[in-house]
Number of protein chains: 2
Amino acid sequence: MSESVQLDPVDWQILSILQDDASITNKALADRVGLPTSSCHERVRRLRTAGVIDGIRASVNPAAVGRGLQAFIAVRLRPHRRDMIESFTAAVLELPETLALYNVSGPEDFFLHVAVVDSTDLQRLIIDDLASRPEIAHCQTHLIFDRPLVTSMRPYPDTHTGPTTGWRNRGSTP
Amino acid sequence: MSESVQLDPVDWQILSILQDDASITNKALADRVGLPTSSCHERVRRLRTAGVIDGIRASVNPAAVGRGLQAFIAVRLRPHRRDMIESFTAAVLELPETLALYNVSGPEDFFLHVAVVDSTDLQRLIIDDLASRPEIAHCQTHLIFDRPLVTSMRPYPDTHTGPTTGWRNRGSTP
DNA sequence: AAGGACGCCCGGATAGAATCCGGATAATGA
DNA sequence: TCATTATCCGGATTCTATCCGGGCGTCCTT
């Protein structure tokens with residue numbers, strides 16, 4: 001399912017547009033990439049069934065719903081036992097403040113990305129919901145300044161020397 | 001623009017569905033929340049113009065395009081000067097490996113979220129593209145195990161005592 | 001308390017898009 | 001060179017998004 005798929009420049013162009021705004025109509029998308037609607041539609045359908053596009057999602061602006069503050073909380077657990085890891089992740093994913101949880105290597109075990117109302121709310125979250133948990137040994141908080149700078153999935157340039165994801169090069173050279 | 005908006009339970013229900021799958025048709029969405037299509041459409045339109053929904057985006061599965069490894073790189077800069085911060089962020093956002101860049105408080109200055117082919121590729125990225133930059137004092141890499149657990153933006157339960165985002169409670173009680 | 005104004009809900013009509021299908025065409029391998 | 005296969009592409013049909021007008025409940029004003 002996640003076998004690396006060969007993508008040609010038009011596919012990447014489609015991905016670039018859809019990652020930025022997937023509410024565009026197929027007709028407008030087709031016009032922008034210079035394809036008939038049916039071909040464009042077929043491309044998108046293929047990208048979805050291949051698992052390259054694994055979902056179309058609405059992104060909610062946390063600040064617009066009163067969550068003006070975001071933070072990363074680096075969490076270190078007590079000597080790891082599988083059941084403790086599972087109870088920790090289950091509890092964290094239930095919290096409405098949680099945006100994402102990353103299990104990472106290094107001195108910290110987890111990076112927890114949260115969106116809260118303000119610093120008071122963050123303090124409450126850490127004290128009541130995290131530090132009180134027995135499986136947590138240590139928490140370090142990193143406030144996120146401004147809005148995170150998010151980019152989209154882009155191809156390596158074709159001059160790239162490392163392991164390549166390949167190109168299909170379907171009839172693009174006249 | 002980012003003034004906190006009042007949302008009722010139906011709005012949150014719509015947000016929950018659209019954050020999970022925004023490719024759903026308005027008709028199907030309306031059926032799931034128990035509203036006529038026109039009312040549902042109006043709700044969604046309002047959520048978009050209010051900035052609560054700030055975009056509909058396709059999410060690309062990095063593994064499906066040959067980027068099987070993700071990592072956070074915690075970056076510490078040399079004594080901060082604004083121009084150095086700007087040159088650093090500009091350079092990082094140009095890298096095709098960059099997924100997101102967070103400017104954070106704490107001992108580290110930035111968390112850089114990247115998707116690369118494999119550990120060799122990650123090593124190349126750090127050595128060639130990051131450590132070589134004069135404004136970077138230190139990099140600490142945290143490999144991300146498995147797939148990150150991502151949740152969606154959810155409301156606080158109404159029993160929540162902290163600062164509330166409020167409810168509209170539009171005619172939900174017969 | 002009564003009146004008025006505003007916002008929201010809702011059904012229907014129309015324009016436009018998504019989707020399917022068959023033939024044409026180019027790439028691939030023997 | 002020829003057969004095969006995958007993709008491209010145009011058109012027709014079905015479904016959807018979207019707009020519009022009326023009705024109703026609620027809140028504010030006086």
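Order of the sequence lines sets the chain letters (A, B, ...), proteins ahead of strands, with each chain counted from 1. Keep in mind that what you see is a predicted model, and the values were worked out from it rather than measured.
- As rounded to whole Å, 12 Å separates atom P of D/dC20 from atom CZ of B/Arg45.
- Following rounding to the nearest Å, B/Ile56 (CD1) and D/dA17 (C1') show an atom-to-atom distance of 14 Å.
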Name every donor-acceptor pair, under 3.5 Å, that has one atom in a side chain of residues 30-42 of chain B and the other anywhere in the protein, sequence neighbours excluded.
{"from": "B/Glu42", "atom 1": "OE1", "to": "B/Arg45", "atom 2": "NE", "distance (Å)": "3.3"}
{"from": "B/Glu42", "atom 1": "OE2", "to": "B/Arg45", "atom 2": "NH2", "distance (Å)": "3.0"}

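- Listed by first then second residue, pairs satisfying ring pair (Phe, Tyr, Trp, His ring centres under 6.0 Å) with a partner in residues 113-141 of chain B read A/Tyr102-B/His113, B/Phe72-B/His113, not counting sequence neighbours.
- A pairwise comparison of heavy atoms in A/Arg154 and B/Thr98 identifies NH2-O, 3.6 Å as the closest pair.
- Taking atom NE2 of residue B/His41 and atom C1' of nucleotide D/dC19, one finds them 9 Å apart after rounding to whole Å.
- Within the 4.0 angstrom heavy-atom criterion, base atoms lie near B/Ser39.
- The separation between A/Asp31 atom CG and C/dA18 atom P is 11 Å, rounded to whole Å.
- To the nearest angstrom, C1' of D/dC15 lies 15 Å from CG of A/Asn26.
- Between A/Lys27 and the choices A/Ile24, A/Leu29, A/Thr25, the side-chain contact (heavy atoms from CB on, under 4.5 Å) rule is met once, by A/Thr25.
- With B/Val114 as the partner, the side-chain contact (heavy atoms from CB on, under 4.5 Å) test is satisfied by one option alone out of B/Asp129, B/Leu125, B/Leu99: B/Leu125.
- Nucleic acid contact class of B/Ser38 (heavy atoms, under 4.0 Å, all strands): base.
- Closest of all the heavy-atom pairs between B/Asp128 and B/Ser132 is O-OG, 2.7 Å.
- Between A/Phe110 and B/Leu149 there is no side-chain heavy-atom pair separated by less than 4.5 Å.
- Candidate nucleotides C/dA18, D/dC8, C/dC9 were compared by shortest atom distance to the side chain of B/Arg43, and C/dC9 ranks first.
- Computed from coordinates, the A/Glu42 CD to C/dG22 P distance equals 15 Å when rounded to whole Å.
- Rounded to an integer number of Å, the gap from B/Asp8 CG to C/dG7 C1' is 13 Å.
- For the helix from C/dA1-D/dT30 to C/dA30-D/dT1, the rotation axes defined at the first and last 5 base pairs enclose an angle of 50°, given to the nearest 10°.
- For the pair B/Lys27 NZ and C/dG11 P, the interatomic distance rounds to 12 Å; values are reported in whole Å.
- In this model, the phosphate group of D/dT7 is approached by a side-chain N or O of A/Arg46 to a distance below 4.0 Å at OP1 or OP2.
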